[in-house]
Amino acid sequence: MAKDLLFEIGLEEMPARFIRGAMEQLKERTSKWLEESVIAHGAVEAYATPRRLAVLVRDVAEKQEDVHEEVKGPSRKIALNENGEWSKAALGFARSQGAEPEQFMFREVAGTEYVYVSKSRTGVETAGILAEGLLGILQAMNFPKNMRWGSYDFKFVRPIRWMVALFGKDVVDLEIAGVKSGNVTRGHRFLGAETIIKEPAAYVETLRSQFVIADVNERQTMIQSQIDALAKEKGWHIAVKDDLLEEVLFLVETPTVLFGAFEESFLNIPQEVLITSMREHQRYFPVLDGQGRLLPYFVTVRNGNNASLDVIARGNEKVLRARLSDAKFFYEEDQKLAIKDALSKLESIVFHEELGTIGDKVRRIRRNTEKLSALVGADSGTAEAAARTAEICKFDLVTQMVYEFPELQGVMGEDYARKAGEPEAVARGIFEHYQPRFADDAVPASTVGSIVSIADKIDTITGCFSIGIIPTGSQDPYGLRRQAAGIVQIVLEHKLPILLTDIFKIALETHQQFQGLKRGEEEILKDLLEFFGLRVRKTLSDNLRYDVVDAVIAAGYDDVVSVVARGNALMDAVTRQADFKLTVESFGRVSNLAAKATGEKVRSDLLAEPAEQALHEAWRAVTDKYREALAQRNAAEALEVFSGLKDAITVFFDAVMVMAEDEAIRKNRLALLAAIDSDLKTFADFGKLVW
């Protein structure tokens with residue numbers, strides 16, 4: 001026999017960003033407890049709204065399963081002492097299993113005898129342990145932030161106001177923080193009422209009758225379908241960001257979509273400002289036309305039904321009007337601030353107490369930019385635009401608009417710079433130098449933006465490393481991993497002719513000149529290379545097999561464009577060329593013997609056998625072309641060229657005794673193999689490939 005189990009925790013409104021994680025945690029903890037308790041069950045379903053977390057378990061067995069098991073202990077040699085008596089290890093094992101030594105038996109495993117003890121446990125009634133189990137689940141839950149209430153020591157995400165705990169139609173009796181479980185839940189705060197849950201299976205529909213949509217997926221579908229219907233009706237494009245939809249989803253129990261309007265005069269403000277104000281302050285979805293231009297409308301989701309939507313819309317319009325009026329005021333006031341005056345204010349804003357002010361950082365970015373421009377071979381116009389961009393790239397940090405909306409840094413800088421008469425390349429570069437801001441964000445489209453972006457990001461990373469701030473585990477308060485990944489993305493996207501160590505050395509030299517280094521330069525350089533190596537590995541691992549990644553990383557990743565090209569070429573050969581395994585095997589034979597070489601150079605006069613002469617000539621014939629292809633980052637051509645040595649290598653090993661008795665001949669043959677292997681190792685360590 002089996003019954004359904006329902007456990008609902010009723011709360012004051014929770015922060016929307018905590019709810020999905022809490023719902024999944026409740027589901028996982030409940031499933032784990034049932035499994036550990038050896039209680040058979042069916043599907044586990046989780047529900048959540050701003051005021052409740054719930055789990056419904058189908059077909060829970062009314063009794064634990066009986067357990068019969070044999071537990072393995074120490075070996076006979078350890079279990080018995082020299083007098084044939086039970087050792088401390090054996091007695092300790094007995095105590096840990098709640099058994100007596102007389103219950104021990106010996107059983108042979110792989111030629112060794114071990115102590116075993118047989119244990120049996122008769123399952124108890126599920127109803128008898130549910131209260132303790134559910135209370136344990138509740139007490140074990142954790143959240144990003146907790147609170148206490150009343151005089152209770154118990155902490156939870158928000159105060160608990162009611163609990164429903166049902167096993168079948170029976171209430172599971174438990175209590176915490178003065179709240180006792182029952183079968184009464186609460187509906188929508190304004191539209192619903194208290195109501196009885198007659199049985200767990202009726203949970204969703206009972207709440208629906210009280211204007212609560214408990215199923216998260218159903219609620220999301222309702223919101224999205226209503227938005228889609230409104231967009232179709234009006235001919236709009238309603239911009240729905242996933243993170244805002246997720247937040248709105250956990251702000252409502254009964255979702256109803258509505259729209260409102262605002263004055264067209266506000267459209268004179270950059271639409272990024274209006275959209276940010278609507279999203280961040282009001283949780284509104286902006287409305288765009290077919291060309292992506294903002295229209296004077298907004299869409300929001302009400303926590304309730306469709307009664308008096310016109311009144312609700314007018315109320316939202318009034319609130320938004322005040323928000324947009326503030327934005328308009330900030331925007332107009334900011335334009336009265338000259339760029340040079342804004343830059344002077346950066347001198348009083350601390351970037352980091354050990355790394356100086358934002359003004360100090362801007363000077364370092366400017367120096368990095370000048371050196372990077374020269375390194376990548378930028379023309380004079382590009383270098384000049386990059387230098388000016390670097391000089392003013394942070395000026396908008398002191399504007400009222402960015403103070404109100406930090407996420408608009410760069411956006412406002414571009415707009416204000418353009419209005420101040422700065423060249424288009426400079427204005428655009430101010431926006432682009434923050435890119436990529438997050439995973440999957442675009443990299444700067446222009447060379448100017450790319451150079452300044454790298455200059456800024458490497459300044460932050462190098463500065464932090466120089467004072468010992470290096471990300472460990474999940475701790476990365478300055479977003480250094482994201483910024484390092486951004487540099488890798490930019491170098492790859494634009495195929496910049498630059499090495500990672502060149503970038504590091506530029507930043508280290510600049511920091512040394514302006515701020516000084518708190519750690520040794522070589523030590524910092526080593527840490528930087530290892531840190532970026534993980535970012536390069538992650539980039540490669542997104543598309544390549546792990547062994548291919550290991551192989552090309554082993555050959556070096558200082559040239560990011562090259563290592564990605566080598567990885568792609570090797571992956572293609574491994575997966576598409578039927579005979580490439582034979583080529584790799586021939587390379588492996590070369591590498592194995594090359595390890596025995598003692599550093600001599602190849603002497604052609606000691607190449608006595610035709611097969612070794614042929615291999616030497618074949619290698620000399622391809623080596624220049626191979627190295628040139630690698631220098632040009634044409635990895636596919638380089639691999640194809642060097643793979644042409646396979647037949648000559650095979651003939652060599654079939655015809656020549658490498659470890660000849662004549663020491664000079666032996667060393668020369670090993671030197672030939674070492675020279676070939678040295679070229680191979682500049683592409684990949686082929687020995688790391690797995691077949």
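Every heavy atom of this structure was used, including side-chain atoms; hydrogens, water molecules and symmetry mates were not.
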task = Could you walk me through whether Lys32 and Glu35 pass the salt bridge (charged side-chain N to carboxylate O under 4.0 Å, His left out) test, one step at a time?
result = CA-CA 5 Å; Lys32 184 178 180 182; Glu35 288 163 11; over 6 Å; no
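- Proximity of Ser591 to Phe686: side-chain heavy atoms (C-beta onward) are nowhere separated by under 4.5 Å.
- Counting heavy atoms from C-beta on, the side chains of Thr501 and Leu529 come closer than 4.5 Å.
- Residues passing the side-chain hydrogen bond (donor to acceptor under 3.5 Å, both in side chains) test with Glu85, sequence neighbours excluded: none.
- You'll find the side chain of Ser87 stays beyond 4.5 Å of the side chain of Lys77, heavy atoms only.
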Do any side-chain atoms of residues 481-492 form donor-acceptor pairs under 3.5 angstrom with protein atoms, and if so which ones, sequence neighbours left out?
unit_1, atom_1, unit_2, atom_2, d
Arg481, NH2, Gly473, O, 2.6
Arg482, NH1, Arg437, O, 3.4
Gln483, NE2, Tyr478, O, 3.0

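- Proximity of Thr462 to Phe504: side-chain heavy atoms (C-beta onward) are nowhere separated by under 4.5 Å.
- Across every non-hydrogen atom of Asn81 and Trp86, the tightest pair is ND2-O, 4.4 Å.
- Checked against side-chain hydrogen bond (donor to acceptor under 3.5 Å, both in side chains), Ser446 has the following partners two or more places apart in sequence or in another chain: Glu432.
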inquiry  = Would Arg589 and Glu585 count as a salt bridge (charged side-chain N to carboxylate O under 4.0 Å, His left out) here? Give the steps.
reply    = CA-CA 6 Å; Arg589 298 179 73 182; Glu585 288 173 350; over 6 Å; no
ask   = Given Glu391 and Arg388, is the salt bridge (charged side-chain N to carboxylate O under 4.0 Å, His left out) satisfied, shown in steps?
value = CA-CA 5 Å; Glu391 184 178 3; Arg388 177 58 178 169; 3.4 Å; yes
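- The two residues Ala684 and Leu570 come nearest to each other via the heavy atoms CB-CD2, 4.1 Å.
- Side-chain N or O atoms of Arg669 include one that pairs as donor or acceptor with a backbone N or O of Met657 at under 3.5 Å.
- Rounded to the nearest 0.5 Å, atoms CG (Leu528) and NZ (Lys505) are 12.0 Å apart.
- Remark: the Thr539 side chain and the Arg535 side chain contain no N/O donor-acceptor pair separated by less than 3.5 Å.
- Side-chain polar atoms of Gln513 and Glu509 form no donor-acceptor pair below 3.5 angstrom.
- The shortest side-chain heavy-atom distance between Thr460 and Phe351 falls under the 4.5 Å cut-off.
- Of the possible donor and acceptor atoms, one in the side chain of Glu612 sits under 3.5 Å from a partner among the backbone N and O of Glu609.
- Looking at heavy atoms from C-beta onward, Leu91 lies in side-chain contact with Pro101 at the 4.5 angstrom threshold.
- More than 12 heavy-atom neighbours from other residues, nucleotides or ligands sit within 6.0 angstrom of CG on Asp579.
- Considering all non-hydrogen atoms of both residues, Arg366 and Ala390 come closest at CA-CB, 3.7 Å.
- Ion pair Lys667/Glu663 flagged as a salt bridge, since at least one NZ, NE, NH1 or NH2 atom sits closer than 4.0 Å to an Asp/Glu carboxylate oxygen.
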ask   = side-chain hydrogen bond (donor to acceptor under 3.5 Å, both in side chains) between Asp360 and Thr357: does it pass, once the steps are laid out?
value = CA-CA 5 Å; Asp360 294 322; Thr357 66; 3.3 Å; yes
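- Using a distance-only test at 3.5 Å, with no hydrogens or angles considered, a donor-acceptor pair links the side chain of Thr575 to the main chain of Met571.
- For Arg566 (side chain) and Ala635 (main-chain N/O), no donor-acceptor pair under 3.5 Å exists by modelled atom type.
- Contact annotation: the side chain of Leu582 never approaches that of Ser586 to less than 4.5 Å [non-hydrogen atoms, C-beta and beyond].
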request  = Would you check, one step at a time, whether the test side-chain contact (heavy atoms from CB on, under 4.5 Å) holds for Phe395 with Val362?
outcome  = CA-CA 9 Å; Phe395 85 91; Val362 166; over 6 Å; no
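- In this structure, Glu70 contributes its side chain and Tyr116 its backbone to no donor-acceptor pair below 3.5 Å.
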request  = Dump the intermediate steps for side-chain hydrogen bond (donor to acceptor under 3.5 Å, both in side chains) on Lys518 and His511, then the final yes or no.
outcome  = CA-CA 10 Å; Lys518 304 294 174 66; His511 268 280; over 6 Å; no
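- Between Arg364 and Leu355, the closest heavy-atom pair is NH1-O, 3.0 Å.
- At least one donor-acceptor pair closer than 3.5 Å links the side chain of Lys361 to the backbone N or O of Asp456.
- Between the Ser678 side chain and the Ala674 main chain, no donor and acceptor come within less than 3.5 Å of each other.
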request  = Using the salt bridge (charged side-chain N to carboxylate O under 4.0 Å, His left out) rule, take Asp542 and Lys538 through it: C-alpha gap first, then chi angles, then the decisive distance, then the call.
outcome  = CA-CA 6 Å; Asp542 288 342; Lys538 173 65 171 62; 2.9 Å; yes
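- No more than 12 heavy atoms of other residues, nucleotides or ligands lie within 6.0 Å of CD in Glu384, so this atom counts as exposed by the packing criterion.
- Looking only at distances, a side-chain donor or acceptor of Asn668 sits under 3.5 Å from a matching main-chain atom of Arg603.
- Residue Met105 comes nearest to Ser118 through the heavy atom pair CE-CB, 3.9 Å, listed as atom of the first residue, atom of the second, then distance.
- Figure legend: cation-pi geometry between Arg76 and Phe106, with NZ or CZ positioned under 6.0 Å from the six-membered ring centre and within 45° of its axis.
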Expected list for residues 592-599: side-chain donor-acceptor pairs under 3.5 angstrom, two or more places apart:
unit_1, atom_1, unit_2, atom_2, d
Asn592, ND2, Gly588, O, 3.2
Thr598, OG1, Glu600, OE1, 2.4
Thr598, OG1, Glu600, OE2, 2.9

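- Within 6.0 Å of atom CD in Glu640, 12 or fewer heavy atoms from other residues, nucleotides or ligands are found, so the atom counts as exposed in its surroundings.
- Legend: residues meeting side-chain hydrogen bond (donor to acceptor under 3.5 Å, both in side chains) with Asp572, ordered by chain and number and at least two apart, are Arg576.
- Applying the side-chain hydrogen bond (donor to acceptor under 3.5 Å, both in side chains) rule to Glu523 yields the partners Arg519; only residues at least two apart in sequence or on another chain are considered.
- Between Glu637 and Lys625 there is a side-chain heavy-atom pair separated by less than 4.5 Å.
- Residues Thr682 and Asp679 bring no donor and acceptor atom of their side chains to less than 3.5 Å of each other.
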